[in-house]
Amino acid sequence: MTDWLEQAVFYEIYPQSFQDSNADGIGDIPGIIRRLDYIRGLGCNAVWLNPCFLSPFNDAGYDVADYYTVAPRYGTNEDLRQLFAEAHRREMHVLLDLVPGHTSVEHPWFRESMKPEKNEYSGRYIWTDNIWTPVPGMHTLRGISARDGSCILNFFSSQPALNYGFLHPEEPWQDAAGSPAAEATRKEMENVMRFWLQCGCDGFRVDMAGSLVKNDPDGEGTIALWQKIRKFLDREFPQAVLVSEWGEPEKSLAGGFHMDFLLHFGPSHYNDLFRCEHPFFSKEGKGDASAFVEKYCESRRKAPQGLICIPSGNHDMKRLSRQLTPEEMKTAFAFLLSMPGAPFIYYGDEIGMRYLEGLVSVEGGYDRTGSRSPMQWDSGPNAGFSSASPEKLYIRQDEDPDRPTVAGQQADPDSLYRTVQDLIAFRRQHPALGASGKIEFVYAEKNAYPLAYVREKDGEKILAVLNPAARAAEFRPACLAAEGSPAELLFALGGGGSVSGGLVSMQPCSAAFFRL
């Protein structure tokens, strides 16, 4: 594992919505540089920057038109290099968002691939051999050029899939994984990575990392593909970090990623904690964390090496605040910031920014648009995000006069912001709470509270106990019987808890950390 990941706490920046420096209503890279001290002051020492490359922005930049050029709305390549340099000066790291699975239809590679004459890019995308060829189970783009055939899509109709081959080709037009065309795509993506790593980038969060090789139901071909890329990185950039949007750690970590995101879809039961009818971290106390714990432990057994990340959210999810109050979010952050793996905080979650219901879709956001509103810095115009007139803002801002702001929460010692800041500092003070520290769940019963686990590293053991429910809870963990009691209380939220005679007693809506 790259050394700096052990104490990394990431902050995800959606560049359009973070800080506007030139009054056009859109966030930009100079604005991000201006706010690096804020991120560092919160306690985060790493940044994940959503796509900032040239794009028609049909999907908020996930439809790349040039991997080597920063979109003018954000600044220049030199601005991005300066961001890397300024982050490093503050002992921070920056991951760029790599989108290797598809491009925009406006990418020069795709324009060349549409030509009927065979050329260098004819095999860069996945084309059928005839416009009438049916493609069951796949979406296609048809009738767009003189080339006879239809092109496979990854998601939106403006995102043609790049060709990494098929693990099990079934048609003449399907290249095998490892074929010359598939290898050419991989090598070009390595060129993209090399370019930005040489500019000072510290690695990549990889979009849709598990979807590259087609007809690959168990991920074998895609794992092998990433293992090749990992060898390239180990050879040329051994400190470069890879974080996957995959949601199946046993696959992504085998492929050479340092860390895998648990997602709001897939098998992880992540939604059981924060985003379901009865979230575990709601004070109503009707949630259930047991399925999440069971799946998490299963993934850990299958992939004992590497990290698993449980983010507060991201640009694709509804914000935590949609179903949790600021007080409930404090307990949720006590969990997020005490679990193994490097935590990721979505911009604004640290102040409880709200999900905005019913916004008209902006740049392919649809129902995700409400989680992408501009950052709320202070009580000034546009909450300090931009000096543009409000109608020019990239996305409409939260118009509630009581909206949370950074300035307001920094002035309140009991705010969510202060709690997150304190939890990050507490995490850093204790090796057991680092990214690679061991974890053992000691209480995670079905439909029951609290949730408890022991973190351990370098001879330090910490018992974490979380009781989000608005009622008291207690349990007797075997670890206390073995270690003796009472245990030393290190940190508490809400009413906290106590240990006596091997019994852990927790107050309603509380969290507590004990040294064993």
Side-chain angles (χ1 to χ4, degrees), residues 8 10-42 44-57 59-99 104 192-207 240-241 243 314-315 344-348 350 362-363 365 372-378 382-388 392-395 397 406:
F10 280 86
Y11 193 86
E12 179 190 349
I13 295 178
Y14 193 67
Q16 299 94 316
S17 295
F18 196 57
Q19 182 66 65
D20 174 19
S21 72
N22 60 359
D24 64 356
I26 300 174
D28 48 46
I29 293 171
I32 295 170
I33 294 172
R34 173 184 158 193
R35 296 295 187 177
L36 284 177
D37 287 337
Y38 164 77
I39 298 168
R40 198 68 177 91
L42 177 64
C44 296
N45 56 3
V47 167
W48 159 27
L49 186 64
N50 290 125
C52 57
F53 306 123
L54 194 67
S55 169
F57 292 100
D59 187 19
Y62 283 90
D63 48 329
V64 178
D66 183 350
Y67 288 102
Y68 297 94
T69 303
V70 168
R73 57 152 60 165
Y74 299 134
T76 65
N77 284 20
E78 185 52 41
D79 288 329
L80 190 51
R81 291 188 187 95
Q82 185 182 357
L83 172 60
F84 300 148
E86 290 293 329
H88 294 160
R89 190 169 65 83
R90 293 166 173 82
E91 298 184 331
M92 301 171 70
H93 296 83
V94 180
L95 301 188
L96 294 180
D97 209 322
L98 184 70
V99 188
S104 164
V192 171
M193 299 169 82
R194 180 184 291 111
F195 178 83
W196 290 111
L197 289 166
Q198 289 175 339
C199 288
C201 164
D202 296 295
F204 303 91
R205 175 268 187 186
V206 180
D207 179 67
V241 166
V243 178
N314 65 33
H315 58 288
F344 277 72
I345 298 173
Y346 184 48
Y347 84 95
E350 75 277 15
V362 176
E363 295 185 353
R372 302 175 177 183
S373 59
M375 183 65 173
Q376 294 155 199
W377 295 103
D378 54 42
N382 301 320
F385 164 70
S386 172
S387 59
K392 288 181 65 177
L393 297 191
Y394 167 76
I395 292 175
Q397 206 160 33
V406 168

> For N45 and E91, does a side-chain donor sit closer than 3.5 Å to a side-chain acceptor?
no
> Take L49 and Y74 through the side-chain contact (heavy atoms from CB on, under 4.5 Å) test and state the conclusion after the steps.
CA-CA 12 Å; L49 186 64; Y74 299 134; over 6 Å; no
> Is the positively charged end of R205 above the ring of F10, judged by distance under 6.0 angstrom from the centroid and angle within 45° of the axis?
no
> Would the distance check show the side chain of N382 and the main-chain N or O of F385 forming a donor-acceptor pair, the cut-off being under 3.5 Å?
no
> H315 vs Y62 aromatic rings, parallel, tilted or perpendicular, using cut-offs 30° and 60°?
parallel
> Between P51 and P15, what is the shortest heavy-atom contact and its length?
O-CG, 4.0 Å
> Between P56 and S104, what is the shortest heavy-atom contact and its length?
CG-OG, 3.3 Å
> Working to the nearest 0.5 angstrom, can you tell me the gap between I345 CD1 and I39 CD1?
10.5 Å
> Quick one: pull up CG in L83 and SG in C201 and give me the separation to the nearest 0.5 Å.
10.0 Å
> To the nearest 0.5 Å, how far apart are CG in L95 and CZ in F344?
6.0 Å
> Indicate yes or no for a side-chain donor-acceptor contact from Y67 to the backbone of V99 under 3.5 Å, with no hydrogens or angles considered.
yes
> Should I395 and E363 be marked as a side-chain contact (heavy atoms from CB on, under 4.5 Å) after you check the CA-CA gap, both sets of side-chain angles, and the distance that decides it?
CA-CA 10 Å; I395 292 175; E363 295 185 353; over 6 Å; no
> Checking R35 against Y347 for the side-chain contact (heavy atoms from CB on, under 4.5 Å) test, could you report, in this order, the C-alpha distance in whole Å, the side-chain angles of both residues, the deciding distance, and whether it holds?
CA-CA 12 Å; R35 296 295 187 177; Y347 84 95; over 6 Å; no
> Identify, with sequence neighbours excluded, every residue that meets side chain to side chain donor-acceptor pair (under 3.5 Å) alongside R194.
N191, E236
> At their closest point, which heavy atom of R73 faces which heavy atom of D24, and how far apart are they?
O-OD2, 4.3 Å
> Rounded to the nearest 0.5 Å, how far apart are CE of M375 and CD of Q397?
10.5 Å
> Could you tell me whether the side chain of D207 and the main chain of D97 form a donor-acceptor pair under 3.5 Å?
no
> Donor-acceptor pair, E350 side chain versus G348 backbone, under 3.5 Å?
yes
> Answer yes or no: is there a donor N or O on one side and an acceptor on the other, between the side chain of R90 and the main chain of R40, under 3.5 Å?
no
> Can you name the closest pair of heavy atoms from A23 and A388 and give their distance?
O-CB, 3.4 Å
> Would you say the side chains of N77 and Y68 form a donor-acceptor pair under 3.5 Å?
no
> Please answer whether the main-chain N or O of S21 pairs with a side-chain N or O of D28 as donor and acceptor at a distance below 3.5 Å.
yes
> Between M92 and Y11, is any pair of side-chain heavy atoms under 4.5 Å apart?
no
> In Å, rounded to the nearest 0.5 Å, how long is the span from CG of N314 to CZ of R372?
9.0 Å
> List the residues meeting side chain to side chain donor-acceptor pair (under 3.5 Å) with Y346, not counting sequence neighbours, and say none if there are none.
none
> Could you tell me the separation between the CD atom of Q82 and the SG atom of C199, rounded to the nearest 0.5 Å?
13.5 Å
> So which heavy atom on G61 is nearest to which on F57, and how close?
N-CD2, 3.4 Å
> State, with a plain yes or no, whether a side-chain heavy atom of S387 is found less than 4.5 Å away from one of D20.
no
> Please name the pair of heavy atoms, one in L36 and one in A87, separated by the smallest distance, quoted to 0.1 Å.
CD1-N, 3.8 Å
> side-chain contact (heavy atoms from CB on, under 4.5 Å) between I32 and V47: does it pass, once the steps are laid out?
CA-CA 10 Å; I32 295 170; V47 167; 5.6 Å; no
> Is it the case that the ring center of Y38 lies less than 6.0 angstrom away from the ring center of W377?
yes
> Ignoring hydrogens and angles, tell me if any N or O in the side chain of Q19 forms a donor-acceptor pair with the backbone of G384 under 3.5 Å.
yes
> Contact between L96 and F84 at the side-chain level, heavy atoms closer than 4.5 Å - yes or no?
yes
